[in-house]
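Structure record follows, encoded as structure tokens.
Computation of the quantities below employed the complete heavy-atom set of this structure, encompassing side-chain atoms and omitting hydrogens, waters and symmetry-equivalent molecules. Numbering starts at 1 and runs along the sequence shown.
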Amino acid sequence: MSQTIDQLRARRSVRAFTAEPVSAADERAILEAACQAPTAGNQQLYSIIVVRDQARKDELAVTCDNQPFIASAPLVLVFCADVRRWHRAFVAAGAPAREPGAGDFLLAFEDASIAAQNAVVAAESLGIGSCYIGDILERREDQARILGCPRHVVPACMLVMGHPAPAQLERRKPPRFPLDGVVFTDTYEDASDDRLLDLMGAKCPAGRDVREWLRAFCERKWNSGFSREMTRSSAAILGDFAQDVSEPDAPSGEPR
């Protein structure tokens, strides 16, 4: 087994950090690793915002479902799906560029997520813990304001990083599904209800009835207020990229 694979297997989310800052050298190494990630057509359809201002970190802690550890994290990185850069460059070069569409956004979202995962792997190799903050997809109007994102630049995922507090190093990594539950050959396999419940048993805490646990998890996560807000926010984001490609080009490049 390679050292990289060992680190991937051992890596778990870290939400409590020591007071030690992430050094400038380590931060640069993490950012450089992120920017070496695979990218569609070598376009790098993302921008990375390093959030240093404490007031902004404090506000992000509130807008991202009230998670105080965001405000105290030594390093906060926001990976934005950025379709704006290339579109503006096309227009500047005199190219008849169509308005960005949903496909462009999803490709940029993939690029941003892949770059973020490169950053996570690099940080782990340096002994720096990390945690993804999916709640950056909530309250898209507030996130855009806090981070100064114009139209077609969308905060896609956020990472908080730092040196793990001692208790975090001892915390057990939550179990993952067995491979045969998520890896299929040639075509998707839709599991029976009984098989699904067996599969969910891998996640269910010991001693709990899996059906009862799933009902509680559904209310806490799937049906929660933050999940509903994320759905609303995501629909609004997609609305910015919903132009019919058969329509004539509209004026472009203006912030919203």
Can you give the donor-acceptor pairs under 3.5 Å from side chains of residues 190-204 to other protein atoms, not counting sequence neighbours?
| unit_1 | atom_1 | unit_2 | atom_2 | d |
| --- | --- | --- | --- | --- |
| Ser192 | OG | Arg195 | N | 3.1 |
| Arg195 | NH2 | Asp180 | OD1 | 3.2 |
| Lys203 | NZ | Pro175 | O | 3.4 |

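Follow the hydrophobic side-chain contacts under 4.5 Å out from Ile146 and you never reach Val153; the two are in separate clusters. No chain of hydrophobic side-chain contacts below 4.5 Å, direct or via other Ile, Leu, Val, Met, Phe, Trp or Tyr residues, connects Val120 to Leu8. Hydrophobic clustering, with ILVMFWY side chains joined whenever heavy atoms are under 4.5 angstrom apart, groups Val76 together with Phe17. Cluster annotation: Val51 and Met158 are assigned to the same hydrophobic cluster (Ile/Leu/Val/Met/Phe/Trp/Tyr, side-chain heavy-atom contacts under 4.5 Å, transitive).
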task: Give the C-alpha distance, both sets of side-chain angles, the deciding distance and a yes or no for side chain to side chain contact (heavy atoms under 4.5 Å, CB included) between Ile136 and Leu60.
output: CA-CA 8 Å; Ile136 195 69; Leu60 286 170; 4.0 Å; yes

- prompt: Are Glu27 and Leu75 close enough, and set up right, to give a side chain to side chain contact (heavy atoms under 4.5 Å, CB included), and what steps lead you there?
  reply: CA-CA 8 Å; Glu27 179 184 309; Leu75 180 61; 3.6 Å; yes

message: Does Arg151 form a salt bridge (charged side-chain N to carboxylate O under 4.0 Å, His left out) with Glu141? I'd like the steps, not just the answer.
response: CA-CA 11 Å; Arg151 190 181 187 194; Glu141 300 84 0; over 6 Å; no

message: Applying side chain to side chain contact (heavy atoms under 4.5 Å, CB included) to Ser224 and Glu219, what does each step give before you reach the verdict?
response: CA-CA 6 Å; Ser224 66; Glu219 286 307 304; over 6 Å; no

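For the 3.5 Å distance criterion, the side chains of Thr63 and Gln143 qualify, holding a donor opposite an acceptor. Remark: the Ser233 side chain and the Arg139 side chain contain no N/O donor-acceptor pair separated by less than 3.5 Å.
Within the structure, ring-ring contact (aromatic ring centres under 6.0 Å, His included) pairs that include any residue of residues 159-184 comprise Phe184-Tyr188 (at least two apart or interchain). The salt bridge (charged side-chain N to carboxylate O under 4.0 Å, His left out) pairs that include a residue from residues 57-68 are Glu59-Arg145, where partners are two or more places apart or lie in different chains. Applying the ring-ring contact (aromatic ring centres under 6.0 Å, His included) test to residues at least two apart or on different chains, the pairs with a partner in residues 107-149 are Phe105-Phe109. Screening residues 35-82 for ring-ring contact (aromatic ring centres under 6.0 Å, His included) gives no qualifying pairs among residues at least two apart or on separate chains. Applying the salt bridge (charged side-chain N to carboxylate O under 4.0 Å, His left out) test to every pair with at least one member in residues 2-19, sequence neighbours left out, gives no pairs at all.
Partners of Gln7 under the side chain to side chain donor-acceptor pair (under 3.5 Å) rule, at least two apart in sequence or in another chain, do not exist in this structure. The side chain to side chain donor-acceptor pair (under 3.5 Å) search around Glu170 returns none, not counting sequence neighbours. Shown here are the side chain to side chain donor-acceptor pair (under 3.5 Å) partners of Asp104, two or more places apart in sequence or in another chain: Arg98. For Glu212, the salt bridge (charged side-chain N to carboxylate O under 4.0 Å, His left out) criterion is met by Arg208, not counting sequence neighbours.
With rounding to the nearest 0.5 Å, the separation of CD in Glu138 from SG in Cys64 is 7.0 Å. Here the straight-line distance linking atom CE of Met230 with atom CG of Asp135 works out to 5.0 Å at 0.5 Å rounding. Taking SG from Cys80 and CD1 from Ile49, the interatomic distance works out to 4.0 Å, rounded to the nearest 0.5 Å. Taken from CZ in Arg85 to OG in Ser47, the straight-line distance is 3.5 Å, to the nearest 0.5 Å. Arg232 contributes atom CZ, which lies 11.5 Å from atom CG of Leu137 (distance to the nearest 0.5 angstrom).
Ile114 belongs to no hydrophobic cluster with other residues, because no ILVMFWY side-chain heavy atom falls under 4.5 Å from its own, directly or through intermediates. Residue Phe90 shares its hydrophobic cluster (ILVMFWY side chains chained together at separations under 4.5 Å) with Leu45, Trp86, Leu107.
The backbone N or O of Ser234 lies less than 3.5 Å from no partner atom in the side chain of Arg140, so there is not a single donor-acceptor pair. At least one donor-acceptor pair closer than 3.5 Å links the side chain of His152 to the backbone N or O of Asp240. In this structure a side-chain-to-backbone donor-acceptor pair under 3.5 Å is present from Asn118 to Ala33.
A 4.5 Å side-chain heavy-atom check between Leu126 and Ile30 finds at least one atom pair inside the cut-off. Using a 4.5 Å heavy-atom threshold, the side chains of Val78 and Ile48 count as separate. Side chains of Asp26 and Ile128 form a contact here, defined as non-hydrogen atoms less than 4.5 Å apart. Annotation: side chain of Leu31 is in contact with side chain of Val50 (closest heavy-atom distance under 4.5 Å).
Contact record, Ala34 with Ala119: CB-CB, 4.1 Å, taken as the closest heavy-atom pair. Residues Asp111 and Ala40 come closest through the heavy atom pair OD1-N, 3.0 Å. Taking every heavy atom of both residues into account, Thr18 and Pro74 meet most closely at O-CG, 4.1 Å. Nearest approach of Ser13 to Gln168, heavy atoms of both residues: O-OE1, 3.8 Å.
Residue-environment remark: NZ (Lys221) stays at or below the threshold of 12 foreign heavy atoms within 6.0 Å. Heavy atoms from other residues, nucleotides or ligands lying under 6.0 Å from CD of Gln54 number more than 12.
Between Glu32 and Arg28 a salt bridge is recorded (basic side-chain N to carboxylate O distance below 4.0 Å).
Partner of Cys131 under the side chain to side chain contact (heavy atoms under 4.5 Å, CB included) criterion, out of Val160, Leu159, Ile70, Val14: Val160 alone.
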